[in-house]
Every structure is written in C-alpha cells, then in structure tokens.
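In what follows, chains are A, B, ... by sequence order, proteins preceding strands, each numbered from 1. Just the heavy atoms: all of them, side chains too, but no hydrogens, waters or symmetry mates, feed the values below.
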Amino acid sequence: MALVYQRTCGLLDVPFHYCPGCTHGIVHKLVAEVLCELGLLDGAIGVSSVGCTYNNYEYFACDMQQAAHGRAPAVATGIKRVLPDATVFTYQGDGDLAAIGTAEIVHAAARGERITTVFVNNAIYGMTSGQMAPTTLVGQVTTTSPYGRDAATQGFPINVSEMLATLRGAVYVERVSVTSVKGIRAAKKAIRKAFLVQRKGLGFSFVEVLSTCPTNWGLSPVESLKWVDTAMQEQYPLGVFKGADLEVEP
Amino acid sequence: MDRLPDRVLMKGNEAIAEAAIRAGCRHYFGYPITPQTEIAHYMAKRMKSVGGVFLQAESEVAAINMVYGAAGAGARVMTTSSSPGISLKQEGFSYIAGAELPCVVVNVARCGPGLGGILPAQGDYFQATKGGGHGDYRNAVLAPASVQELYQLTVEAFDLADRYRVLVLILADGTLGQMMEPVSHLEPKDATAAGKPWATVGTGGKRFHNTITSIYIDPERLEAHNLHLQAKYAKIARNEVRCESVGVEGAEVVVTAFGTTARIVRNVIRQAAEEGIKVGLIRPITLWPFPSEAVAAAAAHPSVKALLSVELNAGQMVEDVRLAVNGAKPVQFHGRMGGMLPTQREILERIRAIARPEGGT
C-alpha cells in the first residue's frame, strides 16, 4: 500500500497537550514540515516561550531552548550570534511577545537578527486561563475584561506585524491564518519564506498566525474558526507587510 | 592573539575584559551603566580583532537572556553591569541556574538602594550570595581585591562555570573597576571551552534533540532536579572555598573584609601592629561558598578577643561571619554606606576598643 501521509520528521512522537480546537498543533506541524522539507531540521535550534507553548521544546525534533517570559528573541539572538550558520527560530504567543516581551521582539527586529519568529496570535492569554492580552479586541470579554475590553481604560489592541514592518531590520513580515485548508497552505508558504529569508541572511523574518482559543473564548472549535475569519481579521487583516517582492526560493 | 607585554598598567574594568578574552570568551552582551561601561568600550573594540561578538543589548534583561542563549549554544559568554543592572538580571540568573548554563557575570557594584549613586559599595552582598532571583539556587561568587586579582579571577571564573555548569558572579566595586594597577598577563589554563555534549548546536542528524530548560511541571521530576542542583552546590562548597588568611595566629582581633575594604584593613593592621595590637585578616575570595571554616578556626584561637567585620554596607557579610563563629566569640561590625569609605583611623578605633577596652596599653 502506498504511504500517502505520515508525521513530519520535524515533530517527535509525543502527544500534544493543546485543547480541542486549538490551532497550535497545525502551526507546529507547519513549522516542522518546512524545516524538514528545506533540510534545515538538523541544524535548527528553536526557542520555546512562556504560555501555552511553554513545553513545545518536547515536541520539535530539533535542538530546543526554553526561554523566560517574553525573552525568546534575546535568547535566540544569543544562539544565533554563537552559531551564525544555524537556523534559529522563536515560537511565541501574543501575551509573551506583545506584552512582556515587546522590547525583545522590537529590538531583535530592529537589529535585523537573522532569526525567524512565528507569532501565534489568539487575542488572549490561554495558559493562565483567559486574561486580556495586548491583542485582545476592543469589547472582547476575558477574565480580566469581564465587561468587554474598554478602550477608555484598557487601551487598544497592538497590530504587531504592522508595527514591526516599520523597522528596517525586519525584512519579511506576513500575517496569515489557519482557519481553512487554503489558509493553512498560505501559512505554510509564509513560514517557508520566512526560513528562506533567514537562510539567505537577509534579516529578521516574522510570521504572525491568527489562531484560536475555543477554551478561553467560550466558543466551539467551529465557531472559533469563524470568529478568527470575521472579528479578528477585521482588526488584524491578513497580508504581507514587508518583503512581498523578496525572491528567496532556491 | 596579539601579545601584550608581560606586565602592563590596566584599569580594573579593562582587566576584566582582557581576561575574559584570554579565557576564551568570544561573546559579550552588555548594556551601559556606570561605573563599568569601560568593559563594553573595551569589548566593542577588542572583540572585532579576535573574531568575537560584542552586542549592545536593549536592556540588562535582554543581555542576560542573550547570555542564556549563547551559553546554551556552548559558548564561553559574559555580561557585566553594576548594581541596578544586576537587579534587572536576576530573572535571568534564576533561569540560568535552573537550566544549568555556565556563564560569567561581573557586578562592578555601586551604592543603592534604587538608583543610589555611582560610588563604590558592597550593599549587593546579600543579593549576590543569598539569591536575588526566585527559587533554590546558588551562584559561585568571587570577590577580587586588586586589578591583578580581577584579571586572574575572571579567567578562572570561566573554568569554574564550565566545571559545574553554574553562573559565576564576580562581585567587584567601583573602586576596583576604576583604579589602575599593574597586571601580569598570565596565560589561561584552559583557553578553549570544555566539551559540552548537552549544548544546543543542532542535532546534525546524529543524535536525539538536546533541550535547555528550567521548567519541570511534574513535581517528582522537579524535586529530583532540585536535589541534583543542591548536590552540585554542596560539591562546590566542598571544593571551591577560597580565602586569604593573614596573621590570625596569636591575633587579638580578627577582621573580616572583602574586596576594596580588605585593602584599607591591610593598612590598618600595620598601624595597629605599631601600637602593639596584633590584628589578623580573613579576606573571603569566594563569598559563596563562604569560608566558614577559616572564620570558625580564627574565632577558636584563644588569643582572639573578638571579630570585626568591616564592609561598605549596613552589615551583610557579618551575618555569615556570625553563623560561622556561632557564638564562640563576639562579632562586631563597622560599615559605611552611600559611597563613603571607612578611614583607617575609624577602623583602628574599633580595633583599639576591642583590644584595649580600658583605653590603656
């Protein structure tokens, strides 16, 4: 019988701990597949962050470091400066990257660190049970914005991709989603491009992936996908914010 | 590497930087803060000529996390700062301890609390030796008292860090960082990093993945990890205690002092001797592990009336002295703060009061 599908070589044979309907699993698979397909896995070092993905260092088959909350881009910088030929990536959520780790991501991008960041934005703190994130939409109900995020006292969401795209060191910035087969294919293409940008030594590459959190949103997995496509995309439009013209395919 | 003359006049901060390079450190991450910024200046110039990396980080927090990443990738790596910056690095210290990453950090200490001032102090003793970050961990802490010793201990710090997979903290102060003294350039014993099979350098397709982490959600695994760390710290405490012990035999008063303060005390000892008062000095070179046995042994000498701990703080190391003495003899304290240094005269007065309580000779 012909083998038509198997687990990517980039992921170890361990069960994920993610909630039903969470799209982290898809994003993990895409990152792992790209590393395998480009032949980069054996020379890759990933950096886990703090939040729902705190222990994804146990999932990826490449060497991994686990970083303190928000510090993954600094840790990745340290690794890359020691091993300039390695493929170094961070995998971070929105609480980690856009709140406590804002300085680290901005400056890694500004320096044009030859690293790749996969930024999973689900507009909420998942691991700590559904608090308001910097990316939480205005009006969105969370455990720390129980009456809906009030812009007057709790401010506005941060569009990280648009912000980073203003920095010269960030050469490739794209926002994708994984709510449909078409979206997943586009996300994989973006992640592939981001790693190729790093391999070419062009600068900092960044892929923001709109993701779901059915558990903390209080929605079913299917409703969650719809919410990403509607409410989230209204605040966070998909697209390439930097580097659309870069030709990096070998 | 270009040769420097056998003996050169160097600023303390420069000696730290040159020593690190001679010890095989090729990665330095730092953030400007007085009174240690010359280290960054030196590294910015020198790293280029030795093919190393100097990176000015966006913050102390980022710098220590760059150290985490670089140490995890197997490099000999250093960051340096001064007191307020070292406070910011405490998060990283704790993670580095948990993940068992070898690295060297220098604190050219100034006075606090808060922004305090830029003059020398030893108010960071508690932070350096008792923690600072969260959890049960230890850093090896070295306390040089001259520019030559700054140089030597910086070289040795890298070996110590690699041997035990710990953070080695060099606790200097603004005086040592800024002063100039002759330094003999001893070639390091071990200029190349030891084999680090645990490092994350890419699997090369030849082994299972390596992971660097400090998180253990399973309590049994975390307790086992903590017990492993404690066993390692116990080994350091057994093997690595260092102190300078001078004239303790037959002394009436034994002074304990480290770093800059010990230099002042040395002069006082000469002055006291002229008055016929024999004073001994115990100068801890490792603040952790603390030379408790040497202090206890000194206290046990029948001639010793009391111990006097002289420090640039409100009384920090004196707590470790008291623990070591364990009530065998009185332990007194003399300290100055805010960047003020004790004069020889005021220390001598304290010594006289112990040795000649009636004011007689």
Between [X] and [Y], what is the shortest heavy-atom contact and its length?
X: B:Ala62; Y: A:Ala74; answer: O-CB, 3.6 Å
X: B:Val201; Y: A:Leu83; answer: CA-CD1, 3.6 Å
X: A:Ala61; Y: B:Thr203; answer: O-CG2, 4.0 Å

First locate atom [atom1] of [X], then atom [atom2] of [Y], and finally report the distance between them rounded to the nearest 0.5 Å.
X: A:Arg71; Y: B:Ile64; atom1: CZ; atom2: CD1; result: 12.0 Å
X: B:Glu58; Y: A:Arg111; atom1: CD; atom2: CZ; result: 5.0 Å
X: B:Thr213; Y: A:Tyr54; atom1: OG1; atom2: OH; result: 9.5 Å
X: A:Glu113; Y: B:Leu55; atom1: CD; atom2: CG; result: 6.0 Å
X: B:Ile215; Y: A:Tyr57; atom1: CD1; atom2: OH; result: 6.0 Å

For this session: Report yes if some heavy atom in the side chain of A:Glu104 is under 4.5 Å from a heavy atom in the side chain of B:Val61; otherwise report no.
Result: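 The answer is yes; the side chains approach within 4.5 Å.
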Within the distance-only criterion (no hydrogens, no angle test), does the side chain of [X] pair as donor or acceptor with the backbone N or O of [Y] below 3.5 angstrom?
X: B:His209; Y: A:Met64; answer: no
X: B:Tyr68; Y: A:Gln66; answer: yes
X: B:Asn210; Y: A:Asp63; answer: no

Exercise. What residue in A:Thr87, A:Asn55, A:Ile79, A:Val106 has the most heavy-atom pairs under 4.5 Å with chain B?
Worked result: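 The option with the most such pairs is A:Ile79.
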Exercise. Among A:Gly101, A:Cys62, A:Gly43, A:Ser48, which has the most heavy-atom pairs under 4.5 Å with chain B?
Worked result: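 Of A:Gly101, A:Cys62, A:Gly43, A:Ser48, A:Cys62 has the most heavy-atom pairs under 4.5 Å with chain B.
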Take atom [atom1] in [X]; do more than 12 heavy atoms of anything else shown fall under 6.0 Å from it?
X: B:Glu220; atom1: CD; result: no
X: B:Gln230; atom1: CD; result: yes
X: B:Lys130; atom1: NZ; result: yes
X: A:Arg168; atom1: CZ; result: no
X: B:Tyr137; atom1: OH; result: yes
X: A:Lys189; atom1: NZ; result: no

For this session: Please report the C-alpha distance between B:Met66 and A:Val82 in whole Å, then the side-chain angles of each, then the deciding distance to 0.1 Å, and finally whether the side chain to side chain contact (heavy atoms under 4.5 Å, CB included) criterion is met.
Result: CA-CA 10 Å; B:Met66 289 171 187; A:Val82 172; over 6 Å; no
For this session: Please look at A:Ala68 and chain B and tell me whether the side chain, the backbone, both or neither of the residue comes under 4.5 angstrom of a heavy atom of that chain.
Result: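 When you check distances to chain B, atoms from both the backbone and side chain of A:Ala68 fall under 4.5 Å.
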Problem set entry | Engaged part of B:Ala71 at the chain A interface, taking heavy atoms whose separation is under 4.5 Å |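 Neither the backbone nor the side chain of B:Ala71 comes within 4.5 Å of chain A.
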Problem set entry | Contact leader toward chain A among B:Ser59, B:Ser214, B:Ala73, B:Ala63, where contacts are heavy-atom pairs under 4.5 Å |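 It is B:Ala73.
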